[in-house]
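Naming: A, B, ... by sequence-line order, numbering from 1 per chain.
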Amino acid sequence: MVLAPPTPPPLSTTEIQDAARGENSSSQTAIAQETQTSGNNGPDTYHLRFPFIVEAVSASDYPKVIQIAEEVDLTAVGNNQTSRLLIIAPLVLAYLILDQSPPARYALARLSESHATHPLSKLLATLLNVTTNRNHSKVYATAATLVELISQPGFFDQDLAMVLTKLTTVFIERFRLRTFELLSRAYNSLTMAQAENYLGVPSETILAEASKNGWEYDSTSQILKPRAFSQKSNNTTNFSSLSTFAFVADSVGRLEA
Amino acid sequence: MAPTDPTQVMDTILQQVTTADSLIAVANFLKNMNPKDLREAALASPLSTGQDPLLLLSIPQNTLTVLYILTARLGVNNGQAAPTFETLENFCRTFDPEQARLSPDRVTLLAKGIQRLAVSTNNPRSAILPLHFLVTRYAPDPSYLTTIHPIFTVTCLQATHPSAALPVLNNPITSIDTNLSDLTYNDNLIYHYTGGVALAMLKRWAEAEEFFEICVSAPGAVPAALQLEALKKLKLVQLIAKGKTAPLPKYTNQLLLRHFKATPYHQFVNAYPHNVEALREILSKERNLFQSEKNVGLLRQALDRAPRWALKKLTATYLSLNLADIGKAVRISDEGEVRALLLDMIESGDISAAISADGSVTFSDPPPQFTRAQVDEVLKNVQEQSELLDYLEKEMARSKDFLSKAIKGRDDTVGFIGADEDVFSQIAPHGAGIWGIDD
């Protein structure tokens, strides 16, 4: 029974980390031991639902990935199986693809202490932090490190590795595109070195993309001049002409009433 | 002689509920069974044959009975084991809301029992889905506040899962019916306070501000402690989102503001955003207090965002500046940091500016960005809100309390505080205006 005002939960990164550290910790040895024993118990809910996440990732339906992962996270029993990372890791990356950092942060915060210290979780947390802080060069570097980690032969689940590789690649593409659009809006002119730092690709790639989007480049001063990124305007709206007529007629009718 | 063995009593209950004439009869029978402790023990027991009565009952058809059994099992320590979350979720997905509304107190017990069970098993997450189904299916429509609402939001926070609360928080509360749910004053406060916390965790500042304001401005003879906590968070959220605080609604209890002014939060608000050293000093000096009230996160975010409000003020005065001058004005020495701040503000739409390679920054008015479909959507939304407001106004105008106060006010020739002058002015000499009759 709730009799008193609830204690507010931690809101900042530091508070979340402090709260997570307050739980009883178990070492990575425990994870390894658990990984060895989990095979004896057969597939758990996380394993059973993971193929649905694979399907959604294959269809590039990232909101669906989030929906499935969140539902599994709510219904599955048990916090300490490593298999929980089958759900949480894709969930975090899907949120990052959609540029929704806060729910990604809390998805990681819900991991037990033993999973929070797993190298995969730590890298995801780092990626989340540098993305939130828009530390562009570190975003690309951390993503590369993540891909390197999951590509190792000893990674604990090869199917998960494939899914995470795809999600990380998509995330970097989308992040780069969003950054490119931002540079088009925010800069009248910038140096090639700055562009390389923001976009994490070599100058040749930048020049190719820049010329496609109408940017100018002065090779002497190595200055790029962005052109305002015009979003492809969607002239088709959800309202057909008949619907618009109905809407206008209805509005007039209400005014007359 | 009446049986005293719980299993035999359960046999009787099952026989009665499955042969009753109507649902009202079932509700009355279950509610009025005495003694109460024997009733609860019986409901938590198997039948005399050892069979689980739930196996013989259909949730949609026997919602009331199943509700009583589940709440008894959640509340009684001996007898049947507590129901599993699968059972609870299944009930919450498939129960008949109309039947459940015949016993609102039992629904409240169920919600509390689910929450308590989850906390006792150290897994608050498992209560979220059952409570979600319960809160979304019980009331006739999502605008009604029920006792389940605060239990649900508190559970989401306990599980560190604020996004799970969003589908419920997205429906504003406009209806209260104490026949539907045995609400208390605190339910409204707790729901809007915890809802505000969940939204603040997700950095949905405008919505968080609205929820905290509803909590703060809830009318009452004396302010509640929770309202003061909500006021502190409200002010911080306003600083984060807009760089300044906004006046509270005029019906807010003035004592609250007086209490707030005695706190270090008031000093923080006054020093914001320009006096960054003073802000840091307050944060450092009162750290223990802020930590105990779990507001350090919000305070730090407000402090981190202080330079952007100083920068935004520059755009009102200058057409262009260079990075070094901007850095001096906002007291950031590193040009890279200034550049990053500008980029962040341009990305979030706080300012419209363009940076050049030579370090100069040109400010401009933000270009309008909306489509025809967005305008139509806004117009449709306004029409719906206007209709709802019209309906609520008429409902209030025909309520007994309002009519008696309005006539008393007119007789005393004293306007009452907070009166809606438009509604009051509709009252013609013989009250005809209320009925829409023109004189």
Side-chain angles (χ1 to χ4, degrees), chain A residues 1-16 19-20 66 70-71 73-79 95 100-103 105-107 109-110 133-135 178 182-183 185-191 194 198 221 223-226 228 231 233-234 237-239 244 247 250-251 254, chain B residues 85 89 112 115-116 123 125-126 128-129 132 150-151 154 157-164 186 189-190 193-194 197 200-204 224-226 229 233 291 293-298 300-301 340 342-344 346-347 352-358 360 362 371-373 376 379-380 383 387:
Chain A
M1 180 184 289
V2 177
L3 293 175
T7 304
L11 288 179
S12 73
T13 311
T14 312
E15 285 172 348
I16 291 166
I66 290 170
E70 289 283 17
E71 197 183 311
D73 197 35
L74 285 177
T75 51
V77 176
N79 286 333
Y95 273 128
Q100 294 174 18
S101 297
R105 184 176 303 283
Y106 290 108
R110 290 196 292 275
N133 295 331
R134 295 298 194 250
N135 193 330
R178 282 197 290 268
L182 177 60
L183 295 180
R185 270 193 287 144
Y187 277 91
N188 284 328
S189 56
L190 72 162
T191 64
Q194 284 171 332
Y198 282 125
S221 56
I223 298 277
L224 285 156
K225 287 190 182 170
Q231 288 185 339
S233 63
N234 186 4
T237 64
N238 290 331
F239 294 83
T244 306
F247 177 65
D250 188 46
S251 302
R254 288 182 196 197
Chain B
F85 281 105
E89 188 186 317
K112 288 179 179 174
Q115 184 198 38
R116 201 170 43 237
N123 191 11
R125 212 164 76 239
S126 46
I128 292 178
L129 261 190
H132 168 83
I151 298 169
V154 167
L157 294 182
Q158 286 171 329
T160 321
H161 211 318
S163 49
N186 268 351
L189 295 187
I190 294 173
Y193 175 80
T194 51
V197 170
M201 287 167 78
L202 296 170
K203 299 194 195 300
R204 293 164 79 121
L226 194 60
E229 297 309 308
K233 286 188 161 52
Q291 256 172 353
E293 295 180 351
K294 295 277 201 296
N295 283 326
V296 171
L298 285 177
R300 275 222 196 107
Q301 288 185 70
L342 276 164
L343 214 57
D344 187 49
I346 294 168
E347 186 177 11
S352 177
I355 311 168
S356 298
D358 60 1
S360 66
T362 312
T371 63
R372 199 193 67 186
D376 286 348
L379 190 56
K380 191 167 153 228
Q383 286 172 348
E387 270 180 25

Is it the side chain or the backbone of [X] that comes within 4.5 Å of chain A heavy atoms, both, or neither?
X      : value
B/S356 : both
B/S360 : neither
B/E387 : side chain

Intermediate values then yes/no, side-chain contact (heavy atoms from CB on, under 4.5 Å), B/E89 and A/T75: CA-CA 10 Å; B/E89 188 186 317; A/T75 51; 4.1 Å; yes

Between A/Q100 and chain B, with a heavy-atom cut-off of 4.5 Å, which part of the residue counts as in contact: side chain, backbone, both or neither?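 The answer is neither part of A/Q100.
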
Test side-chain contact (heavy atoms from CB on, under 4.5 Å) applied to B/A159 - qualifying residues, sequence neighbours left out: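 Residues passing side-chain contact (heavy atoms from CB on, under 4.5 Å) with B/A159: B/P124, B/R125, B/I128, B/H161.
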
side-chain contact (heavy atoms from CB on, under 4.5 Å) against B/A353, all qualifying residues, sequence neighbours excluded: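 B/A353 satisfies side-chain contact (heavy atoms from CB on, under 4.5 Å) with B/I346, B/I351, B/V361, B/F363 only.
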
Nearest-0.5 Å distance that lies between atom CG in B/L343 and atom CZ in A/R185: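 Atom-to-atom, B/L343:CG and A/R185:CZ are 9.0 Å apart.
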
Chain B: which of A/D73, A/L190, A/T191, A/I223 shares the most heavy-atom pairs with it under 4.5 Å?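 Counting heavy-atom pairs under 4.5 Å, the top option is A/D73.
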
Between A/A107, A/S101, A/P103, which shows the greatest number of heavy-atom pairs under 4.5 Å with chain B?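 Ranked by heavy-atom pairs under 4.5 Å with chain B, first place is A/P103.
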
Whether the side chain of B/T160 engages the backbone of A/Y106 through a donor-acceptor N/O pair (distance < 3.5 Å, no angle test) should be reported.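 No, the answer is negative, given that no donor and acceptor are paired below the 3.5 Å cut-off.
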
